[in-house]
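Taking it in order: structure first as structure tokens, then the write-up.
Note that the structure is predicted; figures quoted are calculated from it, not measured. When a residue number appears, it is its place in the shown sequence, counting from 1.
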Amino acid sequence: MNRILYTSFLLGAGFTCIKAQSSTPPNIVLILCDDMGFSDLGCYGSEIQTPNINNLTENGIRFSLFKNTGRDLFFEHQSYCAIISDHWKLVRGSRNEPWELIELSTDPFETKDLSAQYPKLVKKLEIKWNKWAERSNVFPLENKPWSERIRYYIERNPEQNGKE
């Protein structure tokens with residue numbers, strides 16, 4: 001009986017499965033995927049059909065306890081603020097506007113604000129964003145019109161005036 005070693009690297013996580021023990025060297029299948037999470041495979045419940053990979057996992061060991069290397073993405077530009085965490089996006093157009101909550105997995109075009117339905121999640125993500133903004137020296141957010149901002153930054157950083 002041959003020993004088969006299946007290895008897949010997904011988002012920096014390695015998974016190894018051994019089918020049977022033998023003194024012969026293993027056959028190795030190495031699958032490299034970019035921008036793919038473990039839940040994108042059919043064997044982990046995805047709606048995407050992956051029959052060949054499913055077959056490999058049915059005849060081997062499928063791991064279910066491993067760490068996700070995902071992280072939150074924070075954004076601020078001219079008081080426009082956002083955080084993407086998992087499949088949620090919390091966003092606002094300026095410091096004076098309310099936060100909007102978008103579920104990116106079901107609304108990729110960001111048309112439905114769910115903040116009223118999930119106020120606790122909004123608060124949780126807002127706290128994360130505020131902690132990041134504090135660490136990253138984002139505060140205070142600007143509340144000036146565009147032309148005033150430009151004048152302010154030119155005065156503050158005269159060497160960055162766009163002239164050679």
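In this structure, the side chain of D113 engages the main chain of S115 through a donor-acceptor pair within 3.5 Å. Counting only distance, with no hydrogens or angles, the side chain of D107 and the backbone of I102 share no donor-acceptor pair below 3.5 Å. No side-chain donor-acceptor contact under 3.5 Å links S136 to the backbone of V138. Looking only at distances, a side-chain donor or acceptor of E76 sits under 3.5 Å from a matching main-chain atom of S79.
The heavy-atom pair separating W99 from C81 by the smallest distance is CH2-CB, 3.7 Å.
Using a 4.5 Å cut-off on side-chain heavy atoms (C-beta onward), I84 and L104 make contact. Residues V91 and L101 are not in side-chain contact: their nearest non-hydrogen atoms beyond the backbone lie 4.5 Å or more apart. S85 is listed as a side-chain neighbour of K128, based on a closest heavy-atom distance under 4.5 Å.
With sequence neighbours excluded, the residues forming a ring pair (Phe, Tyr, Trp, His ring centres under 6.0 Å) with W132 are F74, W129, listed by chain and number. For S147, the side-chain contact (heavy atoms from CB on, under 4.5 Å) test picks out R151, with sequence neighbours left out.
Atoms NE2 and OG1, on H87 and T106 in that order, are 8.5 Å from each other to the nearest 0.5 Å. Going from atom CG of N130 over to atom CG of L125 covers 11.0 Å, rounded to the nearest 0.5 Å. In this structure, NZ on K112 lies 9.5 Å from CD on E103, to the nearest 0.5 angstrom.
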Could you go through the side chain to side chain contact (heavy atoms under 4.5 Å, CB included) check for K124 and K120 one step at a time?
CA-CA 6 Å; K124 177 183 169 186; K120 289 181 182 178; over 6 Å; no

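Remark: E100 does not engage R92 in a salt bridge, criterion side-chain N to carboxylate O under 4.0 Å. Electrostatic pairing of K123 and E126 counts as a salt bridge here, judged by a charged N lying under 4.0 Å from a carboxylate O.
Note on Y118 and I83: same hydrophobic cluster, where clusters join Ile, Leu, Val, Met, Phe, Trp and Tyr whose side-chain heavy atoms are under 4.5 Å apart, directly or indirectly.
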